[in-house]
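In what follows, a structure is listed as structure tokens, so that the remarks can point back to it.
We count residues from 1, following the sequence as given. None of the values given here were measured: they were computed from a predicted structure.
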Amino acid sequence: MSSIEEFTKPYGLVDKIDAFGYLEQLKQNPNRPRKAGKVVLVTADTPLKASRGEGKTTTTIALIDALNARGIDAAAVLRQPSMGITAAGSKGGASGGGKASLTHPELIDWGLCGEMGSIEAAQNLLASFAEKAVDDGLLDEVLVPRVSEVPSRSLRSVVVDAGKNDVREKTVLTPTCELMQIVVLSRSMDEIGERVAKMIAGTKDGKAVTFGEFIDLWRITNILADAVKPARTETVNGSPVYVHGGPFANVSIGIPSLVSVEMACAEHDVVIVEAGYGADAGAQKWLDIACREYGAQWPSAAVVVTRASTWRDDPALQWRYPFHVERLEGLGIPTFPLINLWEGEDDQVPALRETAKELGFREPIVGNLFRDGGDALVPQLDAFVDAVSAEGLPTQPASHKGDDLLETVRWVCENAYGVPAERVVAKAGFEESLAAARQLAADAGMDLDDLALVAVKSPATMTDDDTAPADERTVTLKKVDVHSGAGLVHVNLTTSLTTPMPKIV
């Protein structure tokens, strides 16, 4: 009988796993022994600024180390960071820190697992095909962007073939592109090919043209051979970690690939899934896109990470952390507050616990995870272990597919940001953008209302002004973009921070 090792090959200092092949083998052999691992979602408070991390990866690593120390077979599934902002030194990587770190963190932080490079090459080849299609008279407007891992204001909008065709194009960061979304959401190479065929390359006489109408898809799928295979690494304490997917849950989906999580669940009893930025970003997208629309497992528990200073330093923003915890609990997910201490904050623990009690939280998990790693968590996890040890898996939630897009947007604003429908307002030009997107989708053979919503916004805000009183907070809708291949529709709202970033944040 085959095992996961047969689908694993060395890739430099890490291993790469053919997750598609492994999961297909399980499907073809239903009697083959496997585990039915439970998903735990690690998310965080909304950060005070885009470049500030709360410590989700450090927490995730410390958590699996602590669970394994308690005799529970636990693994983590992480995403690669963007090399652009990591290289600029403006934000940490995706490998934890201190005693809660990965082995060979530089391979993850610098994108040396092959994934980003393959996606960049394939996406840029698609852009080149689109440019050639302009020369061949098949397109007169290019809509697919090029990608780069280095943020630059100059790449936001460029003109190709100036003075002749004057074709306008743009460049985005690699992990935010549609091809990355396709890799994250697909469960086979055939599905990737089908989704690439549905990507809108551009328009001809105002009508959408998809790549499936004029290119040989094998050229793209062959390039993606490394991109579709998760990298199997480990923590400094030997706990297993899988890395697959990309960052930026504010402007994309920012979640690990579905197959990396499903593969881990077949191998381990507890699988910690880390989603990008705060609970209003990556957690919302894991729950409302991955779970509701793509059949990923609903979490058996959640951990919401905050730093003591994020939670309490700005009185006007103190509402956000309790909102996130209460929202997840309201979805039936046992939710555990985790306060990630920094040096010099140990004396605040009694006051933090008292505040959590006053707010009606579960007993918070508190520790300096950089300094102490999983050792800080081992004695604090009894209630957490009880939650993830409950019989059975959670019930899958209802899909929003087919619901009017604006109704879905209003639902997300009310449930994920706390803003009721009557205070969700449209900026001038939004209705025109919505109508154009609806027509593009129709040209590509799709109904816009069948696409899953991606809310595009700043990672540091939930509303137009988070400091406003609760009954005055609004969300402004700005524009709509169709990602037909990925099965997604982007709606820009609030103070959207799109990529490439206008500055090093």
Side-chain angles (χ1 to χ4, degrees), residues 39 41 43 178 181-182 184-187 191 195 198 249-255 258 261 273 275-299 302 323-324 327-333 393-426 430-431 433-435 437-442 444-457 462-463 475-494 496:
V39 166
L41 182 64
T43 183
E178 186 173 0
Q181 295 172 338
I182 288 173
V184 167
L185 297 172
S186 296
R187 290 183 168 93
E191 183 179 348
R195 290 187 175 280
K198 295 176 182 178
N250 60 314
V251 294
S252 186
I253 49 180
I255 57 175
L258 303 188
V261 176
V273 173
Y277 280 121
D280 52 297
Q284 183 267 319
K285 283 158 184 172
W286 177 263
L287 298 174
D288 294 334
I289 297 176
C291 297
R292 289 186 189 276
E293 310 304 338
Y294 284 84
Q297 188 187 134
W298 192 258
F323 176 87
H324 295 319
R327 172 182 177 252
L328 294 176
E329 286 279 9
L331 292 171
I333 303 170
L393 294 175
T395 303
Q396 287 297 108
S399 168
H400 289 294
K401 184 175 182 179
D403 294 350
D404 180 79
L405 176 61
L406 283 181
E407 289 304 308
T408 303
V409 171
R410 294 183 184 111
W411 184 91
V412 168
C413 290
E414 183 159 8
N415 286 272
Y417 315 142
V419 174
E422 61 269 20
R423 283 191 263 119
V424 178
V425 297
F430 175 78
E431 294 294 340
S433 178
L434 175 62
R438 197 171 288 281
Q439 185 60 54
L440 272 180
M446 299 180 181
D447 187 328
L448 193 71
D449 296 332
D450 288 340
L451 305 181
L453 169 67
V454 176
V456 176
K457 66 183 195 66
M462 297 166 62
T463 69
V475 170
T476 299
L477 311 182
K478 297 183 173 181
K479 70 173 184 176
V480 184
D481 287 314
V482 177
H483 285 206
S484 55
L488 304 173
V489 54
H490 288 212
V491 177
N492 287 45
L493 46 86
T494 71
S496 308

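Residues Met462 and His324 form a side-chain contact, since some pair of their non-hydrogen atoms from C-beta on lies under 4.5 Å apart. Within the 4.5 Å cutoff, the side chain of Leu287 has heavy atoms near those of the Pro299 side chain. Here the side chains of Gln181 and Ser252 are in contact, with some heavy-atom distance below 4.5 Å. Looking at heavy atoms from C-beta onward, Val251 lies out of side-chain contact with Asn492 at the 4.5 angstrom threshold. Annotation: side chain of Glu191 is not in contact with side chain of Ile182 (no heavy-atom distance under 4.5 Å).
Ion pairing between a basic and an acidic side chain is recognised when a charged N comes within 4.0 Å of a carboxylate O; Asp280 and Arg327 show no such pairing.
For Gln396, there are no side-chain hydrogen bond (donor to acceptor under 3.5 Å, both in side chains) partners, not counting sequence neighbours. Not counting sequence neighbours, the partners of Ala455 by the side-chain contact (heavy atoms from CB on, under 4.5 Å) test are Tyr417, Leu493. Every residue meeting the side-chain contact (heavy atoms from CB on, under 4.5 Å) condition with Thr43, not counting sequence neighbours, appears here in chain and number order: Ala279, Ala283, Val304, Leu328. Residues passing the side-chain hydrogen bond (donor to acceptor under 3.5 Å, both in side chains) test with Glu431: none are found, sequence neighbours excluded. Under the side-chain hydrogen bond (donor to acceptor under 3.5 Å, both in side chains) criterion, Ser484 pairs with no residue, sequence neighbours left out. With sequence neighbours left out, the ring pair (Phe, Tyr, Trp, His ring centres under 6.0 Å) criterion links His490 to His483. Taking the side-chain hydrogen bond (donor to acceptor under 3.5 Å, both in side chains) definition, one finds that Asp288 meets it with Gln284, Arg292, sequence neighbours left out. For the side-chain contact (heavy atoms from CB on, under 4.5 Å) test, residues two or more places apart in sequence or in another chain that qualify with Phe430 are Leu406, Ala426, Leu434, Leu477, Val480, Val491. Annotation: salt bridge (charged side-chain N to carboxylate O under 4.0 Å, His left out) contacts of Glu293 (sequence neighbours excluded): none.
Taking OG of Ser186 as the start and CZ of Arg195 as the end, the distance is 5.0 Å to the nearest 0.5 Å. The OH atom of Tyr294 sits 5.0 Å away from the CG atom of Leu185 when rounded to the nearest 0.5 Å. Expressed to the nearest 0.5 Å, how far NZ of Lys285 lies from CD1 of Ile253 amounts to 9.0 Å.
Legend: salt bridge (charged side-chain N to carboxylate O under 4.0 Å, His left out) pairs involving residues 414-423, not counting sequence neighbours: none detected. Applying the salt bridge (charged side-chain N to carboxylate O under 4.0 Å, His left out) test to pairs two or more places apart or on separate chains, those with a residue in residues 394-408 are Glu407-Arg410.
Taking every heavy atom of both residues into account, Gly282 and Ile255 meet most closely at O-CG2, 3.9 Å. Minimum interatomic distance between Ile289 and Leu453 (heavy atoms only, all atoms of both residues): CD1-O, 3.3 Å. Leu448 and Ala437 get closest at one heavy-atom pair: CD1-O, 3.9 Å. The shortest heavy-atom contact between Pro394 and Trp298 is CG-O, 3.5 Å.
Judged by distance alone, with hydrogens and angles left aside, the side-chain atoms of Glu178 form a donor-acceptor pair with the main-chain N or O of Gly485 at under 3.5 Å. Put simply, the side chain of Lys198 never gets that close to the backbone of Ala486: no donor and acceptor are under 3.5 Å apart.
The side-chain contact (heavy atoms from CB on, under 4.5 Å) test with Val489 is passed by exactly one of Asp449, Val409, Leu451: Leu451.
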